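One structure below.
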Amino acid sequence: MIYNNTKTLVESLMKSKIPTSKICLDMTFGNGNDSYKMLSINKSIQVYGFDIQKNCIDNAKKTNNLKVINDSHLNFENYTNEKIDFAVFNLGYLPGGDKNITTDYDTVIKTLEKLLKLMNIEGQIVITFYPGHRPGFEESINIINFLRNLNQKEFNVIRYDFINQINNPPFVCLIERIK
Ligand code: SAM
């Protein structure tokens with residue numbers, strides 16, 4: 001695989017974790033690419049996809065083991081009481097959609113606070129950041145500050161940067177629960 005961009009990087013992280021996963025969350029469903037990718041890797045997982053835009057949920061493909069929910073990721077624990085193996089966030093706005101409907105770092109941090117406690121040991125969260133525009137830059141600074149302060153005895157936090165690309169390229173963080 002060639003790591004052209006964050007999408008191929010996220011795909012490779014999914015391929016390493018999803019085969020042994022059971023409960024997976026797509027926290028920013030949009031057009032559903034992350035959900036469909038996870039299900040293509042392992043058909044027996046259960047995926048819960050969240051989006052605040054109703055049309056994203058209405059347009060979702062009816063697929064086995066995918067439950068799409070028109071609600072904020074902040075409320076994810078209302079829909080499953082099982083421990084989470086994998087969660088993916090693709091921050092920002094939906095490409096080709098309304099740029100004003102975007103993720104909000106305060107909500108993402110509050111969601112992460114709850115999610116971190118409900119992850120299985122060895123469970124992983126993958127987040128793609130888009131700091132190339134002002135709100136995305138602010139969002140990444142605030143979420144990274146939160147992640148930096150996680151206890152290293154409980155979580156590994158790994159950041160993947162394309163350090164030779166210009167103009168604040170997208171980057172990825174992997175959070176893994178170890179205790
Ligand atoms: N991964 C998606 C795909 O495959 O199309 C693209 C996601 S897009 C970058 C970000 C999405 O997050 C938008 O569809 C937006 O509506 C959604 N979103 C923003 N705030 C949200 C929230 N609090 N809860 C759930 N979804 C949210």
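Just follow the structure's listing: the first ligand is 1, and inside any ligand the first atom is 1. All values below come from the heavy atoms of this structure, side chains included, with hydrogens, waters and symmetry mates left out. Remember, predicted model here, so these are calculated numbers, not experimental data.
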Considering only protein heavy atoms, which is closest to atom 23 (N) of ligand 1, and at what distance to one decimal place? Ser72 OG, 3.1 Å

If we only count N/O pairs under 3.5 Å, is Asp34 in contact with ligand 1? yes

Measuring from the heavy atoms of Phe29, does anything fall under 4.0 Å of ligand 1? yes

Taking the six-membered ring for Trp, are Tyr48 and His73 ring centroids under 6.0 Å apart? no

Any idea which protein heavy atom is nearest atom 22 (C) of ligand 1, and the distance to it? His73 CE1, 3.3 Å

Closest protein heavy atom to atom 18 (N) of ligand 1, given as residue, atom name and distance to 0.1 Å: Ile52 CG1, 3.8 Å

Heavy atom of the protein closest to atom 13 (C) of ligand 1 (residue, atom name, distance): Asp51 OD2, 3.5 Å

Geometric class of the Phe171/Phe129 ring pair [parallel <30°, tilted 30-60°, perpendicular >60°]: parallel

Tell me the protein heavy atom at minimum distance from atom 7 (C) of ligand 1, and give that distance in Å. Thr28 O, 3.4 Å

Side chain, backbone, both or neither: Thr102 near ligand 1, heavy atoms under 4.0 Å: backbone

Tyr36 vs Asn31, side-chain hydrogen bond (donor to acceptor under 3.5 Å, both in side chains): CA-CA, chis, key distance, verdict: CA-CA 9 Å; Tyr36 306 137; Asn31 293 326; over 6 Å; no

Checking Asn75 against Ser72: is there a side-chain donor and acceptor pair closer than 3.5 Å? no

Looking at atom 5 (O) of ligand 1, what's its closest protein heavy atom, distance included? Asn31 N, 2.7 Å

Here the atoms of ligand 1 under 4.0 Å from any heavy atom belonging to Tyr93 are 8 (S), 9 (C)

Asn59 side chain to Asn55 side chain, donor-acceptor N/O pair below 3.5 angstrom: no

Ser21 and Asp85: side-chain donor and acceptor closer than 3.5 Å? no

Asp104 N/O to ligand 1 N/O under 3.5 Å: no

